[in-house]
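So the structure is just underneath, and the comments pick up after that.
What's counted below: heavy atoms across the whole structure, side chains too, no hydrogens, waters or symmetry copies. All residue numbers refer to positions in the sequence shown, counting from 1. Atoms within a ligand are numbered from 1 in the order they appear, just like the ligands themselves.
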Amino acid sequence: MTLITNHMPTAELQALDAAHHMHPFTHGHDLERKGARVITRASGVTLTDSEGNEILDAMAGLWCVNIGYGRHELAEAAARQMRELPYYNTFFQTTHVPAIALADKLAELTPYDLNHVFYAGSGSEANDTNIRLVRTYWEQKGKPSKKVIISRKNAYHGSSVGSASLGGMSAMHAQGGLPIPDVHHINQPHWYAEGGDMTPEEFGLARARELEEAIHQIGEDRVAAFIGEPVQGAGGVIVPPSTYWPEIQRICDKYEILLIADEVICGFGRTGQWFASESYGIRPHIMTIAKGLSSGYAPIGGSLVCDEVAEVMNECDFAHGYTYSGHPVSCAVALENLRILQEEGIVERAGRETAPYLKEKWETLADHPLVGEAKIAGLMGSIALTPHKASRAKFAAEAGTAGFICREECFANNLVMRHVGDRMVISPPLIISKPEIDTLIERAGIALDNAYKRIKDEGLLVAAS
Ligand SMILES: *Cc1c(COP(=O)(O)O)cnc(C)c1O
């Protein structure tokens, strides 16, 4: 076997990568032609690639490196735990200190009475847990017909069979026989794309009331739960109108419906608060967590469960769990991450200083001729690309064509910004500084200028009819 190191020529690494590594959400042959960018190191908000480029990571990896790269304390915590107890399970009347300590910490940090955690290895696994958990809860309560989970189109809840079924990504449902039965999708509160002539407030109410209509249509006796991301992330950073969540909450309260807030992205400071549920007026029975829980330094996720639901579940033997539920190394890393976020006041500073500064700068991008709107919630933001600002028009070209061009121009400018269709999204580490925000905005502006020129030159600046 070849010894593969960071010092190999990039082209060789890319060839080996293409030969043996199947990438997520990637067209393999396309990637082989272009060659993957090889990331070798990172510190703070900056990535370094195999060519020595220094790249501003405005996505915090995949929305997860909230604390920033290069915090050695987390490496120490992992090493310490690996030496002491690298692995043990929590299945058969056993437990360990990292799982206990993290559960206790989570109960302290989370709002309301979300005092119980069921650990998973990822957000997808945690949402799979939620599907089985809410259905088992209703069985325990003598209402086994309550099985249907209502979700939204263009939601993202993970990539496993269960969680991708909960999600509303049509491209994912098109492959592999999804969704599983008894998942129902209503429309999303995406005013910019779907709001027509309504005000955002009217539209938010109308979209929330689709939940009530769905409950009537399916039957209250068949609906187990509603799941939603407080702010949709992978769907394009869709910030809901202010009227949306209070109405969803009212409907879940009125009918016997469990409310699951998927805070995998929003949790742990992303929206400028510890949890977005607090700021959006959501009182969930269950909260999904992952990503920022460990700032991505180790894989871990979980379902936070309220007292009442935990009480009912504790009456039965829930035949569910993962080998790595409560993995001691991941728990130790998450604990250290939370300790630093708390002790250094990172979430509070992000909410009080960084988010308002970023908002002010980000919203200036709305003046660009290619941009239809700029939205932001804490440290997650999006801009909509459009060929015609006034009418919020879509491009005539296939969705994602303009977004892809813009992402390429970002990449060429040492900025990682992702595109979701023709929306550009950011979610930088919470520790990003004001000068780094200035750099982000400057590079985004250049990328938009270059993208605008290319889109025009390629004859793509045409509105869909
Ligand atoms: C990323 C994500 C998930 C899935 O988490 P994984 O760790 O990738 O399995 C679930 N829900 C939301 C809202 C996410 O953004």
Side-chain angles (χ1 to χ4, degrees), residues 23-26 59-66 117-134 149 151-169 171-173 178-179 183 185 188-190 225-240 245 248 259-271 275-277 280 282 284 286-304 322-327 330-331 333-334 337 377-382 418 420 423 425-428:
H23 289 244
F25 289 97
T26 296
M59 280 305 298
L62 274 178
W63 324 81
C64 54
V65 188
N66 289 10
V117 63
F118 195 106
Y119 288 118
S122 68
S124 302
E125 287 181 7
N127 278 326
D128 277 13
T129 298
N130 293 340
I131 296 173
R132 300 196 63 209
L133 197 154
V134 298
I149 302 173
S151 178
R152 287 101 52 88
K153 292 176 187 164
N154 197 36
Y156 189 79
H157 296 299
S159 199
S160 59
V161 171
S163 62
S165 296
L166 289 181
M169 296 288 173
M172 293 177 78
H173 288 179
L178 302 186
V183 179
H185 297 88
Q188 56 178 336
H190 188 356
F226 173 78
I227 183 168
E229 307 153 77
V231 177
Q232 286 158 264
V237 183
I238 318 279
V239 184
W245 275 109
I248 291 283
L259 176 51
I260 308 169
D262 185 340
E263 292 238 20
V264 168
I265 288 178
C266 293
F268 305 102
R270 177 54 55 201
T271 66
F275 297 94
S277 291
Y280 286 85
I282 309 168
I286 298 171
M287 187 190 274
T288 320
I289 55 170
K291 295 194 172 116
L293 168 57
S294 66
S295 283
Y297 281 60
I300 184 167
S303 305
L304 287 158
Y322 307 106
T323 302
Y324 299 138
S325 284
H327 193 288
S330 296
C331 287
V333 170
N337 174 57
L379 268 72
M380 58 196 294
S382 57
R418 183 168 150 192
V420 177
R423 279 182 97 80
V425 300
I426 58 161
S427 161

Nearest option to atom 4 (C) of ligand 1, as decided by whichever heavy atom of Ala164, Ser124, Pro299 sits closest
Ser124

What atoms in ligand 1 come closer than 4.0 Å to a heavy atom of [X]?
X	answer
Tyr156	1 (C), 2 (C), 3 (C), 11 (N), 12 (C), 13 (C), 14 (C)
Ile265	15 (O)
Glu229	13 (C)

Any idea which part of Trp63 is under 4.0 Å from ligand 1, heavy-atom wise: side chain, backbone, both or neither?
neither

Report yes if some heavy atom in the side chain of [X] is under 4.5 Å from a heavy atom in the side chain of [Y]; otherwise report no.
X	Y	result
His327	Ile300	no
Tyr280	Val231	yes
Ile238	Glu229	no
Phe226	Arg152	yes

Identify, for [atom], the protein heavy atom at the shortest distance, and state residue, atom and that distance.
atom	result
atom 14 (C) of ligand 1	Lys291 NZ, 2.9 Å
atom 5 (O) of ligand 1	Gly123 CA, 3.3 Å
atom 11 (N) of ligand 1	Asp262 OD2, 2.7 Å

Value for CD (Gln188) from OG (Ser151), rounded to nearest 0.5 Å, stands at 10.5 Å

Using only atom types and a distance under 3.5 Å, with no angle test, would you say the side chain of Trp63 pairs donor to acceptor with the backbone of Ser427?
no

Side chain His157, main chain Asp128, donor-acceptor under 3.5 Å:
no

May I ask whether Gln232 places a heavy atom under 4.0 Å from ligand 1?
no

